[in-house]
Amino acid sequence: VMGARLRTGLDALKERHPLIGDVRGMGLMQGVELVADRGTKEPAAAATSRLLEETKRRGVLIGKGGLYGNVLRIAPCLNIGAADVDSFLGIFDESLAAVSTGA
C-alpha cells in the first residue's frame, strides 16, 4: 500500500518536473532517472548531485546509482507510514523545484 502511494506520488512529480525522465521499481524500492532532455534521455548527473544536496539539506538522504550516476535510489524503511511518504514527496518536490530554478 505504501509502495503504491510512493509510486503514485513519484509519477505525479514526473508530470510536473521535466528533470525526471523515468520512474521505475517495485513496492518501496523505486528508481528515479534524471535527464537533461526527455527526448534524448541525456543523463543529468550534475543535477542529480545538486538534488542530493537539496534533499539532504531538508533532512532526507537518498542514494544514487546508474551507469551515469543519474538514477536516484529510493528505498525507505518497510514500516514507513502514509505521513512519512507524503512528507518525503513534499521534500522531493521542493528539492526538484530548487534544482530546476537554480536556487
Side-chain angles (χ1 to χ4, degrees):
V1 172
M2 290 303 110
R5 186 182 194 102
L6 176 61
R7 180 57 176 264
T8 299
L10 291 172
D11 285 337
L13 290 177
K14 179 182 176 185
E15 296 301 315
R16 293 180 49 205
H17 297 282
L19 188 58
I20 299 177
D22 191 25
V23 177
R24 54 186 175 266
M26 295 180 76
L28 286 169
M29 294 182 68
Q30 297 291 320
V32 178
E33 182 179 4
L34 302 184
V35 296
D37 180 284
R38 282 189 182 169
T40 64
K41 297 285 189 183
E42 176 188 343
T48 302
S49 295
R50 289 194 310 273
L51 183 61
L52 292 176
E53 289 304 313
E54 287 293 332
T55 58
K56 183 168 63 171
R57 213 167 50 79
R58 291 169 170 80
V60 173
L61 297 177
I62 301 174
K64 76 173 178 175
L67 188 58
Y68 303 103
N70 68 317
V71 179
L72 301 173
R73 294 178 177 164
I74 300 169
C77 300
L78 297 179
N79 64 347
I80 193 170
D84 293 323
V85 170
D86 294 344
S87 176
F88 164 76
L89 290 169
I91 290 169
F92 195 54
D93 186 22
E94 290 173 8
S95 299
L96 283 163
V99 168
S100 295
T101 61

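Note that the structure is a prediction, hence the values are computed from the model and not measured.
- In this structure, the side chains of F88 and I80 stay at 4.5 Å or more apart for every pair of heavy atoms.
- Annotation: K41, atom NZ; neighbour count of heavy atoms from other residues, nucleotides and ligands within 6.0 Å is above 12.
- Cluster annotation: L6 is connected to V1 through the hydrophobic network of ILVMFWY side chains, with a link wherever side-chain heavy atoms come within less than 4.5 Å.
- Listed here is the closest heavy atom pair of A36 and A44: N-CB, 3.6 Å.
- Under the 4.5 Å side-chain heavy-atom criterion for Ile, Leu, Val, Met, Phe, Trp and Tyr, M26 and V32 are members of distinct hydrophobic clusters.
- Nearest heavy-atom pair across I62 and L52 is O-CD2, 3.3 Å.
- For the pair R5 and L89, the tightest heavy-atom approach, listed with the atom from each and the gap, is O-CD1, 4.2 Å.
- Residues V35 and Y68 fail the side-chain proximity criterion, which asks for heavy atoms closer than 4.5 Å.
- How far CG of D22 is from CZ of R38: 9.5 Å, rounded to the nearest 0.5 Å.
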Assess whether side chain to side chain contact (heavy atoms under 4.5 Å, CB included) is satisfied between D11 and R7, documenting all intermediate values. CA-CA 6 Å; D11 285 337; R7 180 57 176 264; 3.3 Å; yes
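- The only option from L19, T8, D93 that meets the side-chain contact (heavy atoms from CB on, under 4.5 Å) definition with L13 turns out to be D93.
- Closest of all the heavy-atom pairs between R16 and P18 is O-CD, 3.7 Å.
- Residues R24 and V71 approach most closely at NH2-CG2, 3.7 Å, considering heavy atoms.
- L78 and V60 fall within a single hydrophobic cluster, where Ile, Leu, Val, Met, Phe, Trp and Tyr are joined by side-chain heavy atoms under 4.5 Å apart, directly or via other members.
- Clustering ILVMFWY residues whenever any of their side-chain heavy atoms sit less than 4.5 angstrom apart, transitively, puts L67 in a cluster other than the one holding V23.
- Expressed to the nearest 0.5 Å, how far SG of C77 lies from CE of M2 amounts to 14.0 Å.
- Taking all atoms of both residues into account, the shortest heavy-atom contact from T48 to K64 is CG2-CD, 4.2 Å.
- The existence of a salt bridge linking R57 and E53 is excluded, since no basic side-chain nitrogen approaches an acidic carboxylate oxygen closer than 4.0 Å.
- One N or O on the side chain of N70 and one on the backbone of L34 form a donor-acceptor pair closer than 3.5 Å.
- The closest side-chain heavy-atom distance from Q30 to L72 is not below 4.5 Å.
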